[in-house]
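Before any comments, here is the structure.
We number each residue from 1, following the sequence as shown.
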Amino acid sequence: MQICLNGEVREVYSVACAEILIFESETPTVQVEIKEGPQVRSVRPLGLSVPPCSRFTVPAGSKVIIEFETGKPLFLFTYLQQTVDPADYTYYFAPGEHRLEELQLKAGDKVYLAGGAVLRTHICADGADGIVIAGRGMLDTTGIGRKKRRQVRLIECDRLCVSDITLVGAVDWALVPIHCDTVDISGVNIVTWEVNGDGVDVVGCKNVSISDCFMYCADDCIAVKVTDYDDPRGCNNCENIRVQNCVFWNIRPGNAMEIGFETRCEEIRGVTFA
């Protein structure tokens, strides 16, 4: 498959269920041309009003699903280009592949995955407020994941911000805030193909905003839960959870949007999907 974006050939990132292409555009629109590959069957979301064709234009910032008559779909995640100073971040991952045994964050840590960066590790934190995880790069745990190990697990981390990164390859829940207060998850892309590969599991949290995300998941795309699977602190009332302007594609078991099945608390309230 040969894909041109704004006139330049771009390399796709191949995983078990899809081809993925992340692109930062210098212009407010992205011109897409599929020069080599099977016939296009559909371009989604349908709200983009793009007919099934091999040449089209979308606004920068669009998350596009291109389905073909044969083979895997292409997930195209576009962004307007931005300037980032590595000195502003505790951990800055430049383009290229990076491997760590584990990335354990402390209070105030800021992580940035630059476009073209592939980080192969698990991320965790406990009692670390003010964490930022951002960037246009990818967190890929394909082949290094283990059952019952979350891809990103953040326990009792208040004022938490996760934006724009792409998570692939989780064999278990991908992004899991547990007993956190004031959480902003925006623009995140999650692609899983193993059963139990939930996208975002909000566990016993309060004041959570999830917006403009894309999730293609082999289980629940997003679930609001209360459970002690990871930590007893997960068994707390869950409230004020707002999910808006997201694209969900649920495969195999699970649901696109779910409250439960684990609800081990007195009250879950103020959950909105819009």
Quick test of your reading of the model: are [X] and [Y] salt-bridged, counting only N-O distances below 4.0 Å?
X: Arg120; Y: Asp140; result: yes
X: Arg99; Y: Glu97; result: yes
X: Arg149; Y: Asp230; result: no

Heavy-atom check, side chain of [X] versus side chain of [Y], under 4.5 Å:
X: Phe93; Y: Leu100; value: yes
X: Arg41; Y: Phe68; value: no
X: Arg242; Y: Val208; value: no
X: Asn196; Y: Glu194; value: no
X: Arg150; Y: His122; value: no
X: Phe248; Y: Val243; value: yes
X: Cys124; Y: Gln104; value: yes
X: Ile185; Y: Ser209; value: no

Discussion item. Could you walk me through whether Glu262 and Arg264 satisfy the salt bridge (Lys or Arg N to Asp or Glu O under 4.0 Å) test, starting with their C-alpha distance in whole Å, then the side-chain angles of each, then the deciding distance to 0.1 Å, before giving a yes or no?
Written reply: CA-CA 6 Å; Glu262 300 86 344; Arg264 301 171 188 172; 6.0 Å; no
Run the side-chain donor-acceptor check on residues 27-39: report pairs under 3.5 Å with partners two or more places apart or on a different chain.
{"from": "Thr27", "atom 1": "OG1", "to": "Asn6", "atom 2": "ND2", "distance (Å)": "3.4"}
{"from": "Thr27", "atom 1": "OG1", "to": "Ser25", "atom 2": "OG", "distance (Å)": "3.1"}
{"from": "Thr27", "atom 1": "OG1", "to": "Thr29", "atom 2": "O", "distance (Å)": "2.7"}

Applying the 4.5 Å side-chain criterion to the ILVMFWY set and letting contacts propagate, would [X] and [Y] be lumped into a single cluster?
X: Val118; Y: Leu167; answer: no
X: Val43; Y: Leu74; answer: yes
X: Ile268; Y: Tyr229; answer: no
X: Val200; Y: Leu160; answer: yes
X: Val40; Y: Leu76; answer: yes

Within the side chain of [X], is there an N or O that forms a donor-acceptor pair under 3.5 Å with the backbone of [Y]?
X: Asn237; Y: Glu267; value: yes
X: Asp220; Y: Asn255; value: yes
X: Thr78; Y: Gly61; value: yes
X: Lys63; Y: Gly187; value: yes

Worksheet item: Are side-chain N/O atoms of Glu102 and Thr121 paired as donor and acceptor at under 3.5 Å?
Response: no
Discussion item. Whether the Ser211 and Gln244 side chains hold a donor-acceptor pair (N or O, under 3.5 Å, no angle test) is what I'd like checked.
Written reply: no
Worksheet, complete the sentence: With Asn189 as partner, the option from Asp212, Asp164, Thr166 fulfilling side-chain hydrogen bond (donor to acceptor under 3.5 Å, both in side chains) is Thr166
Working to the nearest 0.5 angstrom, can you tell me the gap between [X] [atom1] and [Y] [atom2]?
X: Ile66; Y: Glu19; atom1: CD1; atom2: CD; answer: 11.0 Å
X: Ile210; Y: Asn245; atom1: CD1; atom2: CG; answer: 13.0 Å
X: Phe75; Y: Trp249; atom1: CZ; atom2: CH2; answer: 5.0 Å
X: Asp126; Y: Cys157; atom1: CG; atom2: SG; answer: 6.5 Å
X: Leu119; Y: Leu103; atom1: CG; atom2: CG; answer: 6.5 Å
X: Asp129; Y: Asp158; atom1: CG; atom2: CG; answer: 4.5 Å

Answer yes or no: are there more than 12 heavy-atom neighbours, outside [X] itself, under 6.0 Å from its atom [atom1]?
X: Glu11; atom1: CD; result: no
X: Glu266; atom1: CD; result: no
X: Arg44; atom1: CZ; result: no
X: Arg10; atom1: CZ; result: yes

What closest approach, in Å, do [X] and [Y] show between heavy atoms, and which atom pair accounts for it?
X: Pro95; Y: Ala114; result: CD-CB, 3.9 Å
X: Val247; Y: Pro45; result: CG2-CG, 3.9 Å
X: Lys225; Y: Gly260; result: NZ-O, 2.9 Å
X: Cys213; Y: Met215; result: CB-CE, 3.9 Å
X: Arg136; Y: Ile22; result: O-CG2, 3.4 Å
X: Cys217; Y: Gly197; result: CB-O, 3.5 Å

Practice prompt. Scan Asp198, Asn250, Asp201 and name whichever one has a side chain to side chain contact (heavy atoms under 4.5 Å, CB included) with Asp219.
Written response: Asp198
Distance-only check: which donor-acceptor pairs under 3.5 Å involve side-chain atoms of residues 175-183, not counting sequence neighbours?
{"from": "Asp181", "atom 1": "OD1", "to": "Asn207", "atom 2": "ND2", "distance (Å)": "2.8"}

Fill in: Full working for side-chain contact (heavy atoms from CB on, under 4.5 Å) between Met138 and Ile165
CA-CA 6 Å; Met138 183 180 298; Ile165 62 170; over 6 Å; no
Worksheet item: Can you list the other members of the hydrophobic cluster that holds Val132, where links are side-chain heavy atoms under 4.5 angstrom apart?
Response: none
Discussion item. Under the rule for ring pair (Phe, Tyr, Trp, His ring centres under 6.0 Å), what residues qualify as partners of Tyr79, not counting sequence neighbours?
Written reply: none
Worksheet item: What residues, two or more places apart in sequence or in another chain, satisfy ring pair (Phe, Tyr, Trp, His ring centres under 6.0 Å) together with Trp193?
Response: none
Discussion item. For the aromatic rings, using the six-membered ring if either is Trp, is the centroid distance between Phe214 and Phe77 under 6.0 Å?
Written reply: yes
Worksheet item: Could you go step by step and tell me if Val224 and Val203 meet the side-chain contact (heavy atoms from CB on, under 4.5 Å) rule?
Response: CA-CA 6 Å; Val224 178; Val203 181; over 6 Å; no
Worksheet item: Run the side-chain contact (heavy atoms from CB on, under 4.5 Å) check on Ile20 and Val12 step by step: do they pass?
Response: CA-CA 6 Å; Ile20 299 174; Val12 299; over 6 Å; no
Practice prompt. Go through Val152 and Leu139 one step at a time and tell me if the side-chain contact (heavy atoms from CB on, under 4.5 Å) criterion holds.
Written response: CA-CA 9 Å; Val152 180; Leu139 180 69; 3.5 Å; yes
Anything under 3.5 Å between a donor and an acceptor, one on a side chain of residues 82-92, the other on a protein residue two or more places apart or in another chain? List them.
{"from": "Gln82", "atom 1": "NE2", "to": "Tyr112", "atom 2": "OH", "distance (Å)": "2.8"}
{"from": "Asp85", "atom 1": "OD1", "to": "Ala87", "atom 2": "N", "distance (Å)": "3.0"}
{"from": "Thr90", "atom 1": "OG1", "to": "Lys110", "atom 2": "N", "distance (Å)": "3.0"}

